[in-house]
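All remarks here apply to the structure that follows.
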2 protein chains.
Amino acid sequence: MTTSDGLRGAAARMPVTRRPVERIKEMIAEGELSPGDRLPTERELSAAFGVSRSSLREAVRTLTTLGVLEVRHGAGVYVTGLRPGDLLETFSVLAEISQGDTLIEVLQVRRMLEPAATALAAARATDEQLRRIGAILERMAEGGGEREAVAADLTFHQAIVQTTGNATLAAINDGLSSRTFNARVWSGHREAGQTARLRDDHQRIYQALLARDPDAARAAATMHVMEVERWLRCDLDREKGDRPDGTEQAPRPEPA
Amino acid sequence: MTTSDGLRGAAARMPVTRRPVERIKEMIAEGELSPGDRLPTERELSAAFGVSRSSLREAVRTLTTLGVLEVRHGAGVYVTGLRPGDLLETFSVLAEISQGDTLIEVLQVRRMLEPAATALAAARATDEQLRRIGAILERMAEGGGEREAVAADLTFHQAIVQTTGNATLAAINDGLSSRTFNARVWSGHREAGQTARLRDDHQRIYQALLARDPDAARAAATMHVMEVERWLRCDLDREKGDRPDGTEQAPRPEPA
DNA sequence: CACGTAGAAGAGATCAGACCACTTACCCGA
DNA sequence: TCGGGTAAGTGGTCTGATCTCTTCTACGTG
């Protein structure tokens, strides 16, 4: 009773729930299903795939989590826009539950992406986009609670990356700088000196964008990410061992 | 009407299935659950959360898809290693089902990451790591079918990125250069000139690594990604409109 | 005729319980 | 002592019923 069914070798010993997942992904890749399309009802799909409705629902749940499908209660199952932002939404869990060294790694990646992205933004930004970024900066200057400050910082960087016009880049960057992540880095860093330093960083980035100077933008972004990295390292050290001596704030500087 | 995303107080009007998802993620973030820990049985969990087993299973399915949990048939549900590679496995769907412009965007991101990563690798590589990369190159030179060539190319770049010691970076890069993606770029580019060009690119990267020369490594990696991007643009143009004139092979070069 | 509301139909959400398939560990016999 | 077999435990799947939400229709009112 095992492999006797006529299924081709590939789909033979596949968990039942996985079959609809692979098939639907395949249909999308082949163009049989397009963004926005509505799928048959769960009851019809389960019959079509020869699986129970429970299993079919788990398959749909998988594809929903991946950002491929979207379920509207009472209305049906739809293919999402399949835009990078849809497919990379899962990305944020990394920043959400990672700890210690992985957070450093995340910042190192941002140190590769954000300078390049900011430089690109400086070259491509329209007047309207620059105006919007400036507005965000003004809102940050107005102060507000820590929550608002974190949100505004996030919005500032997101706006810059969006200016590059690369939605994939924007989605990845969003994932690497999720709200949870930033809140963690920021916690305990609201002292006067650091807040001022942050504002300076942002101002320098903004000025470089205004001047449409990619090199300056790259440098400013690099400095900013490095600063955030320094804070994080400081925090991690404090957590690890409570050494009161403030030395070794930036251990192991990048060799390159 | 109701504020759909109010989220005030406790989990007020949250879909039943989502409650276990959020709670388990929270427990992991708080350290109540650690990598490798085993969770209670599905039956116990469903009782603990006050949901049916079906709903709990959908929650577990969500977390499994995200790479947070791992289910072993007959043995139990476990927390994964929570390593970047675990959490970013979903990443590959982007390369799997994206088309057209998004593929270009993916390559632009790689153009930001791979040069930086290769430079870092040049600075940090151990003799053993360099030897391994060299071995991969030799295997590629031996030829073989297109399938083997794609796999070897992938392995080559993965080995380099792993050399940086940044698992997050490696996971992201893996996602951006999945087998499916590469197979698509490569299809139809096995002509003599391009194969040779590819081998040259790889050799130059390898030489830069051997010389532990970050600048040369960065340049070589950049050239390589740009070359792949040129192929892809060529393919996309061919698909879109069948213009026989070979002009506009590399449209809109990056302004920066 | 225009419009809004109530009801019905359809679709996903959740639940309950049963049975199947796989893993693990224990126990018994050689 | 070692090996295999068996049973308990756990995830995998199925069935079918009920609940909730969306959507559309049809009715009634102004």
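Residue numbers begin at 1 in each chain, while the letters A, B, ... track the order of the sequences. Treat the numbers as computed from the prediction; the structure is a model and nothing was measured.
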Distances for protein N or O near nucleotides 20-22 of chain D N or O, under 3.5 Å:
{"from": "dT20(D)", "atom 1": "O2", "to": "His73(A)", "atom 2": "NE2", "distance (Å)": "3.1"}

Discussion item. Students often get this wrong, so: under 4.0 angstrom with heavy atoms, is Val60(B) touching a base, only sugar-phosphate, or nothing?
Written reply: nothing
Discussion item. Applying side chain to side chain contact (heavy atoms under 4.5 Å, CB included) to Ile172(A) and Leu176(B), what does each step give before you reach the verdict?
Written reply: CA-CA 11 Å; Ile172(A) 292 175; Leu176(B) 295 179; 4.2 Å; yes
Practice prompt. Taking only the side-chain heavy atoms of Val51(A) (C-beta and beyond), determine which of dG11(D), dT14(C), dC14(D) contains the nearest atom.
Written response: dC14(D)
Practice prompt. Identify which nucleotide among dA16(C), dG12(D), dT13(D) has an atom closest to any side-chain atom of Ser55(A), counting heavy atoms from C-beta outward.
Written response: dT13(D)
Interatomic distance where [atom1] belongs to [X] and [atom2] belongs to [N] [whole Å]:
| X | N | atom1 | atom2 | answer |
| --- | --- | --- | --- | --- |
| Arg61(A) | dG12(C) | CZ | C1' | 11 Å |
| Phe49(A) | dT13(D) | CZ | P | 15 Å |
| Arg57(A) | dG16(D) | CZ | C1' | 15 Å |
| Tyr78(A) | dG12(C) | OH | C1' | 11 Å |
| Glu70(A) | dA11(C) | CD | P | 17 Å |
| Arg18(A) | dG11(D) | CZ | C1' | 17 Å |
| Leu56(A) | dA13(C) | CG | C1' | 14 Å |

Practice prompt. Take Val71(A) and Gly50(B), find for each the nucleotide of DNA chain C with the closest heavy atom, and name the residue whose nucleotide sits nearer the 5' end.
Written response: Val71(A)
Practice prompt. Return the set of residues passing side-chain contact (heavy atoms from CB on, under 4.5 Å) with Ala170(A) (not counting sequence neighbours), or none when no residue passes.
Written response: Val161(A), Gln162(A)
Worksheet, complete the sentence: Pro35(A) meets the side-chain contact (heavy atoms from CB on, under 4.5 Å) criterion, sequence neighbours left out, with Leu82(A)
Worksheet item: Heavy atom of residues 33-47 of chain A under 4.0 Å from DNA chain C: which residues?
Response: Arg38(A), Thr41(A), Glu42(A), Arg43(A)
Worksheet item: Does a sphere of radius 6.0 Å around CD in Gln129(A) hold more than 12 heavy atoms from other residues, nucleotides or ligands, not counting ones at 6.0 Å or beyond?
Response: yes
Discussion item. With a sphere of 6.0 Å drawn around CD of Glu89(A), does it hold more than 12 non-hydrogen atoms of other residues, nucleotides or ligands?
Written reply: no
Fill in: Name of the residue among Ile24(A), Val16(A), Thr17(A) meeting side chain to side chain contact (heavy atoms under 4.5 Å, CB included) with Phe49(A)
Ile24(A)
Worksheet, complete the sentence: By nearest-nucleotide position on DNA chain D, the 5'-leaning member of Arg53(A) and Gly76(B) is Gly76(B)
Name each donor-acceptor pair under 3.5 Å that joins a side chain in residues 66-77 of chain B to protein atoms two or more places apart or in another chain, with its distance.
none

Discussion item. Please determine whether a side-chain nitrogen of the Lys or Arg among Arg61(B) and Glu58(B) lies less than 4.0 Å from a carboxylate oxygen of the Asp or Glu.
Written reply: no
Discussion item. Taking Arg83(A) first and then Glu105(B), would you say they form a salt bridge - that is, a charged N and a carboxylate O separated by under 4.0 Å?
Written reply: no
Item to complete: State whether the distance check finds a donor on one side and an acceptor on the other, under 3.5 Å, for side chain Ser54(A) versus base dT15(D).
Response: yes
Below 3.5 Å is the cut-off: list the nitrogen or oxygen pairs between protein and nucleotides 4-7 of chain D, distance only.
none

Worksheet entry | Spacing of Arg132(B) atom CZ and Thr163(B) atom OG1 [to the nearest 0.5 Å] | 7.5 Å
Worksheet item: Do Glu22(B) and Arg18(B) have side chains that get closer than 4.5 Å, going by heavy atoms?
Response: yes
Worksheet item: Can you find a pair of side-chain heavy atoms, one from Leu107(A) and one from Trp231(A), that are under 4.5 Å apart?
Response: no
